[in-house]
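Below: the structure, in structure tokens.
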Amino acid sequence: MLGRMSTRDPRAAGLARLASLAADETRAACLLALLDGRAWTAGELARHCRVAASTLSEHLGKLVAGGLLAEERQGRHRYVRLADARAAQLVEDLAALVAPDAAARPRTLRQSGAGSAMARGRTCYDHLAGRLGIAVTDALTARGLLRQDTGFALTDAGLRWFPAAGIALDRQGRRPLARACLDWTERRPHLAGVAGAALCRHALGAGWCVRIGSERAVKVTETGERALSELLGIEAAALR
């Protein structure tokens with residue numbers, strides 16, 4: 001009986017290795033930057049993290065070997081991105097556990113403006129977050145298109161709404177159609193999963209939102225304000 005109770009879970013070593021990948025501040029900074037869903041060059045990440053290119057390259061090698069990042073080469077450039085939606089979800093969930101007061105206060109007007117823009121609206125890997133993401137999620141719920149009472153799930157009306165709005169849903173893979181992602185600025189869940197990704201992709205492609213700055217911040221355009229008002233009844237003031 002004692003022998004059975006003391007048997008170590010075979011997943012323990014793998015979990016420890018995975019956790020160690022995010023246990024370095026430079027690697028954590030890389031993972032957070034890559035939540036914008038885009039591929040970055042090693043040089044861009046080195047400048048973002050304020051470390052030497054050689055140091056950053058070593059960290060990227062560990063993240064790629066550990067399965068959190070994928071890399072591709074084009075000519076002499078090396079690009080890296082988060083390996084997949086599961087890797088992004090892991091980073092999102094860990095970041096959401098960080099206490100709100102753990103982040104350093106902005107020291108300049110530029111930093112303050114960037115922080116405000118990120119809180120107003122941003123991409124969270126491949127879906128919308130910040131006040132924008134919450135406003136969209138709340139509107140979908142209020143209109144009976146999304147349920148949150150028993151976990152995130154699109155209703156039958158929601159499944160019809162997306163294609164009617166011109167937003168295609170890829171239901172072929174194993175990724176959840178709708179998933180709750182805890183918003184680290186709003187401390188409430190916003191819509192992720194296939195539906196969240198499709199909505200974000202459409203918003204950027206149709207010009208509802210545009211990226212601003214060098215991070216993940218997005219801004220709703222006049223076109224987006226009209227579309228979100230017509231489709232979901234969201235007032236423009238909630239998007240600014």
Side-chain angles (χ1 to χ4, degrees), residues 22 25 28-38 40 44-45 47-50 82 85 88-142 146 148 152 178-193 195-204 206-229 231-240:
E25 190 169 344
C30 288
L31 293 170
L32 289 169
L34 291 166
L35 275 178
D36 69 357
R38 295 179 287 186
W40 290 48
E44 289 170 337
L45 280 172
R47 289 190 292 274
H48 177 80
C49 298
R50 299 181 181 180
L82 289 173
Q89 180 180 341
L90 175 64
V91 177
E92 293 167 4
D93 290 345
L94 287 174
L97 293 174
V98 178
D101 58 357
R105 291 185 177 181
R107 290 175 291 182
T108 65
L109 285 175
R110 182 178 181 180
Q111 289 178 340
S112 178
S116 296
M118 288 277 282
R120 182 174 59 245
R122 65 183 180 276
T123 55
C124 186
Y125 184 52
D126 61 359
H127 54 273
L128 299 172
R131 292 196 298 274
L132 169 60
I134 294 296
V136 169
T137 300
D138 285 349
L140 288 168
T141 304
L146 174 71
Q148 297 189 41
F152 269 41
R179 179 179 70 81
C181 178
L182 182 60
D183 197 292
W184 60 266
T185 53
E186 297 301 303
R187 299 286 145 175
R188 294 177 53 204
H190 56 242
L191 176 63
L199 184 55
C200 179
R201 186 167 55 249
H202 185 83
L204 291 169
W208 295 0
C209 300
V210 292
R211 294 185 184 274
I212 56 175
S214 59
E215 296 193 37
R216 295 185 278 136
V218 298
K219 178 182 179 181
V220 180
T221 64
E222 290 185 5
T223 299
E225 289 181 354
R226 289 194 298 271
L228 292 172
S229 175
L231 292 170
L232 291 172
I234 301 176
E235 295 184 4
L239 306 172
R240 297 172 181 169

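Source: prediction; values computed, not measured. All residue numbers in this chain count up from 1 along the given sequence.
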Given side-chain contact (heavy atoms from CB on, under 4.5 Å), test Cys209 with Val220 step by step and report yes or no. CA-CA 4 Å; Cys209 300; Val220 180; 4.1 Å; yes

Evaluate the side-chain contact (heavy atoms from CB on, under 4.5 Å) criterion for residues Val91 and Tyr125: first the C-alpha distance (whole Å), next the side-chain angles of each, then the deciding distance (0.1 Å), finally the verdict. CA-CA 10 Å; Val91 177; Tyr125 184 52; over 6 Å; no

Would you please test Leu232 and Val136 for side-chain contact (heavy atoms from CB on, under 4.5 Å) and show each step? CA-CA 8 Å; Leu232 291 172; Val136 169; 4.2 Å; yes

Steps toward side-chain contact (heavy atoms from CB on, under 4.5 Å) verdict (Ile134, Arg187): CA-CA 10 Å; Ile134 294 296; Arg187 299 286 145 175; over 6 Å; no

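Residues Leu239 and Ala135 share a closest heavy-atom pair of CD2-CB, 4.4 Å. The two residues Ala22 and Ala28 come nearest to each other via the heavy atoms O-CB, 4.0 Å. For the residue pair Leu34 and Trp40, the shortest heavy atom distance occurs at CD2-CD1, 3.4 Å. Nearest approach of Ala178 to Leu191, heavy atoms of both residues: CB-CD1, 3.8 Å. In plain terms, the two heavy atoms of Ala206 and Thr223 that are nearest each other are O-CG2, 4.3 Å. Looking at every heavy atom in both residues, Gly207 comes nearest to Thr221 through O-OG1, 2.5 Å.
Here the CG atom belonging to Leu228 is positioned 7.5 Å from the CG atom belonging to Leu199, to the nearest 0.5 angstrom. Considering CG of Leu31 and CG of Leu90, their distance stands at 8.5 Å, rounded to 0.5 Å. Atoms CZ and CD, on Arg188 and Gln148 in that order, are 7.5 Å from each other to the nearest 0.5 Å. Between atom CD of residue Glu186 and atom CG of residue Leu132 there is a gap of 10.5 Å, rounded to the nearest 0.5 Å. Going from atom CG of Leu35 over to atom CZ of Arg216 covers 5.0 Å, rounded to the nearest 0.5 Å. Summarising the geometry, atom CG belonging to Leu82 is positioned 10.0 Å from atom SG belonging to Cys30; distances are rounded to the nearest 0.5 Å.
Between Leu128 and Cys200, the closest side-chain pair of non-hydrogen atoms falls below 4.5 Å. Trp208 places a side-chain heavy atom less than 4.5 Å from the side chain of Leu231. Proximity of Thr137 to Pro189: side-chain heavy atoms (C-beta onward) are nowhere separated by under 4.5 Å.
Contact check on Arg131 versus Asp138 returns no salt bridge, with no Lys/Arg side-chain nitrogen under 4.0 Å from an Asp/Glu carboxylate oxygen. Between Glu44 and Arg38 there is no salt bridge, since no side-chain N of the basic residue sits under 4.0 Å from a carboxylate O of the acidic one.
Not a single donor-acceptor pair under 3.5 Å links the side chain of Thr123 to the backbone N or O of Asp126.
The aromatic rings of His127 and His190 lie tilted to each other, with the angle between the two planes from 30° to 60°.
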